[in-house]
Every structure is written in C-alpha cells, then in structure tokens.
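See below for the structure under consideration.
Keep in mind that the numbers below use all heavy atoms, side chains included, and drop hydrogens, waters and symmetry copies. Atoms within a ligand are numbered from 1 in the order they appear, just like the ligands themselves.
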Amino acid sequence: MKRLLTNIKKLVHVENQPVPYLKGKAMNDLTSIDDAFLEIEDGKIVRFGPMTDLHGSDISGTTEYLDCTGQWVMPGLVDSHTHLIFAEPRAREFEDRIHGLTYEEIAARGGGILNSAAKLAEMPEEQLYDDAMARLHEMIQTGTTAIEIKSGYGLSTEAELQMLRVATRIKRRAPIPVKITFLGAHAIPPEYKENPDGYVDLVIDEMLPKVVEERLADYIDVFCEKGYFTVEQTDRILKAGMAAGLRPKVHVNQFNAIGGIQTCVENKAISVDHLEVMDEGDFKALANSDCMPVALPSCSFFLGIPYTPARKIIDSNLPLALATDYNPGSTPSGNLLFVWSLACIQMKLTPTEALAALTHNAAYALELNDELGSIAVGKTANLLVSEPMDSLGHIPYHFGRNSLSRVLINGNKYTHLEP
Ligand code: NIG
Ligand code: FE
C-alpha cells in the first residue's frame with residue numbers, strides 16, 4: 001500500500017546519509033526541504049524530495065494522497081524515559097510539597113517511590129495494563145511515536161517480574177515501538193533498610209537472572225543517588241546487568257553529583273538520565289563517549305529543582321536527548337510537546353535543537369536510530385504533521401497546546417486524533 005504526502009510546506013530533518021546521533025552545533029542544523037513530497041510504502045519511507053521531482057515521476061499504485069498545504073512534516077517524537085506503569089497518582093504528596101516539604105523529605109517519610117510500590121502491590125495486573133495503555137494512547141496524540149517503559153515500583157522479585165510482564169504485553173500490542181528497562185534498584189524497600197547491600201544482592205542474584213531468563217527487559221537501570229544506591233552499588237548492578245546482556249540506562253545526578261556518570265560511562269551505558277546537577281568531572285566523562293545525556297525538564301518543572309544544564313551540554317559539543325520521565329511522583333505528564341516548550345523556555349534550546357533532542361538523539365538513547373528519528377529512506381513512517389505554520393517555533397511557543405494536526409504511525413493516520 002502506497003501513501004503520498006504532497007505539498008508539504010517544509011519537510012524537516014531529512015537525512016541522506018544517516019548518522020547515529022547529533023551533537024553540538026549539528027543539533028541546530030537540521031536539513032529540510034521546502035514544498036516537498038514524501039512517499040510511504042508498507043509503513044516505511046521510500047522516497048522524498050521537492051514537489052518538482054514528483055511531477056512526471058511514477059506514482060502508480062498510490063492508494064491515498066494526503067495534501068499537506070501549509071503544514072510541516074517531521075519525524076515522530078521518541079520518549080526514551082518513562083515509568084508508564086504505576087498504580088495511582090500521588091496528588092497527596094503534590095499538596096505536601098505545596099506546603100513546603102521537599103521530594104526527598106517526602107521520600108524519607110515513606111512516601112515517594114515506596115508509596116507507589118505499596119499501591120502497586122494492591123492493584124490487579126489487568127488494571128495496571130489497562131491504565132498504562134490508556135496513558136500510552138494519550139501520549140501518541142501529543143506526538144510520541146516510540147517509548148521506553150521501566151519497572152521499579154515492584155521492589156520484590158515477584159512484583160518486579162509482574163511489572164515487566166505487563167510492560168512486555170504492552171510491547172507486543174502497542175502500535176508504536178516499546179523498549180523495556182529493569183529498574184529493580186529504584187529504592188531500598190523498608191525490609192532492607194538496615195541491609196541495603198542485601199537488597200543489591202537480591203537484585204543481582206535473584207531478580208536479574210529471572211528477568212533475563214524470561215527475556216523481559218532490554219536495559220538495566222539504577223537510581224544512583226544519596227539515600228538510594230551508591231556509586232559502588234550502581235557499579236555492581238550495572239556490571240551484572242552487562243554480563244547478563246542488559247545495557248545500562250541510568251538515573252543519575254538528579255539531586256547530587258556523586259560520581260555516578262563516570263561509572264555509567266565505564267560500564268558502556270547507552271544513556272545517563274536526569275543530570276540536573278553536574279560538575280566538571282561529569283562533562284569530562286561524557287566527552288569522547290557514546291553515552292547519551294538525557295534531560296527531563298518536566299521533572300524540574302514539577303519538583304521546582306534545577307534544570308539540566310542543557311545549553312552547556314550542547315555548547316560543550318556533546319549530544320543531548322529529551323524525555324518526559326512520566327511517573328506519579330516527579331512528573332505526572334507524558335506530554336513531549338510540553339517538554340519541547342520547557343526545553344526552549346527554561347533551558348534556552350532553539351526549537352531546532354530541541355527537535356533533534358526529541359527525535360534523532362532520543363531514538364539513539366533507545367537504539368532505535370536505524371528505524372526512527374529522522375526522515376530517511378527505509379526508516380519507519382512514524383511522522384508528525386503540524387497545523388499550518390510559519391516556523392518550527394510555532395509548536396513550542398504554543399505551550400500547553402497541541403499544534404499537531406496528525407500523527408502517522410507506520411504511515412497510517414493515528415485514529416484517536418480523528419474528529
Ligand atoms: O525519575 N528519581 C527516581 N525516579 C523517578 C521518580 C519516581 C517517583 O517519585 O515515583 C524519577 O524522577
Ligand atoms: Fe525516571
């Protein structure tokens with residue numbers, strides 16, 4: 001089946017010779033074509049170029065035309081960091097923070113991640129699946145066309161496996177690509193409070209072999225932070241994960257710079273995520289590595305913590321990806337269009353840099369860059385069609401509003417957007 005998008009005002013981020021990711025100045029240099037067409041066959045991009053090239057060429061077999069007059073077409077967004085599966089919102093803690101408690105103080109009182117773990121234990125698996133799927137469908141409407149999902153609210157072998165099985169069902173049935181991350185080391189459960197290393201042993205010796213045996217995950221994650229897991233514990237878990245075939249993808253430097261980034265880079269992490277607090281050693285560790293720094297500005301917005309120094313990261317000739325961190329505690333939003341606005345408004349990225357971070361580099365952070373992240377022949381036709389507009393900045397400028405007119409998944413119009 002062939003579909004042809006015609007009269008595209010601007011086709012953004014086309015690549016003739018695909019590269020794995022973009023860094024530094026190249027992030028602000030997305031190639032585009034004015035007055036363009038794009039041809040899709042069996043869900044893949046097969047041809048694109050200026051409309052003048054289309055005239056007189058063979059368009060036989062085209063079953064559908066989509067006229068994009070005035071509209072821009074760009075690669076679909078990729079959310080490389082979410083905790084999509086959770087039991088309940090934590091609006092009570094939201095109010096506690098309004099009254100002055102910090103995220104860390106709430107966690108120390110048994111709220112936070114432990115609160116979500118207790119709630120998850122009470123929820124039937126079917127409900128977890130249905131709720132997560134509903135969130136996923138909502139996210140696609142704001143441009144998300146591939147997603148990562150973590151465990152981490154189980155904190156016991158059975159409950160972690162259950163979360164990963166739910167994630168695996170979502171992976172099989174979701175209309176978009178899904179990658180799964182095992183985050184057994186998200187918090188120390190109360191029964192291990194006096195023996196955190198005992199919990200690390202449980203993650204390594206009991207959980208990990210089962211996760212791998214059942215093929216339930218693509219990556220391994222740890223919350224490397226004061227009060228959670230030390231750099232040494234993180235190193236042990238990442239090494240065990242790597243040995244078992246799971247590449248690291250790590251929560252690090254959210255509140256404190258404790259040397260975790262260096263450990264992640266040494267252990268060949270595909271990405272390091274959060275990075276609200278970074279020192280010079282962290283920048284050095286990232287230079288000359290292929291590890292993608294991932295900023296989560298909605299988390300900074302919601303918790304009122306510093307924003308990742310994204311400008312400095314890009315100006316240091318490093319790459320950067322952006323993701324939501326959708327979770328009930330620090331980021332109750334899966335809206336990547338809002339992340340785009342925050343990246344521009346709060347982190348001073350240009351709309352073009354932010355788009356590179358939300359597409360190409362985010363796809364790299366999930367090792368999906370061969371199929372997604374740019375307009376290239378052979379890549380999957382997960383695409384966004386904007387409403388009529390004059391500049392890319394139109395989308396992040398209208399913060400809190402959806403300026404997309406269509407999301408295409410495998411070249412098909414995503415039906416939830418239909419009136
Ligand atoms: O990425 N920081 C660790 N984990 C999540 C928050 C999880 C929660 O509060 O439930 C995050 O922000
Ligand atoms: Fe997170």
Which of parallel (below 30°), tilted (30 to 60°) and perpendicular (above 60°) describes [X] and [Y]?
{"X": "Tyr414", "Y": "His137", "value": "parallel"}
{"X": "His83", "Y": "Tyr153", "value": "tilted"}
{"X": "Phe94", "Y": "Phe302", "value": "parallel"}

**Q.** Under 4.0 Å from ligand 1 - residues by heavy atom, chain and number
**A.**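 Near ligand 1, by chain and number: His81, His83, Arg90, Tyr103, Ile113, Tyr153, His186, Phe223, His251, Gln254, His274, Asp325, Asn327, Gly329, Ser330.
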
Q. Among Asp273, Asp221, Thr234, which residue meets the side chain to side chain donor-acceptor pair (under 3.5 Å) test with His251?
A.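 With His251 as partner, side chain to side chain donor-acceptor pair (under 3.5 Å) holds for just one option, Asp221.
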
Q) In total, how many protein N/O/S atoms does one find closer than 2.8 Å to the Fe ion (ligand 2)? A)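 N, O or S atoms of the protein closer than 2.8 Å: 4.
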
Q | side-chain hydrogen bond (donor to acceptor under 3.5 Å, both in side chains) partners of residues 283-310, not counting sequence neighbours, each pair once | A |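 Sorted result for residues 283-310: Tyr21-Asp290.
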
Q. Taking only residues at least two apart or on different chains, which pairs with a member in residues 187-198 satisfy side-chain hydrogen bond (donor to acceptor under 3.5 Å, both in side chains)?
A.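 Residue pairs with at least one partner in residues 187-198: Asp197-Gln233.
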
Q.
Is there a salt bridge (Lys or Arg N to Asp or Glu O under 4.0 Å) between Glu213 and Arg215? Walk through the geometry before answering.
A. CA-CA 5 Å; Glu213 192 191 314; Arg215 295 170 175 269; over 6 Å; no

Q | Quiz item: cation-pi between Arg165 and Tyr129, 6.0 Å / 45° | A |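 Because its charged atom misses either the 6.0 Å distance or the 45° angle limit, Arg165 does not stack over Tyr129.
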
Q. Are Glu126 and Arg169 ion-paired here, with the side-chain N under 4.0 Å from a carboxylate O?
A.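 Here Glu126 pairs with Arg169 in a salt bridge, since their nearest N and O are under 4.0 Å apart.
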
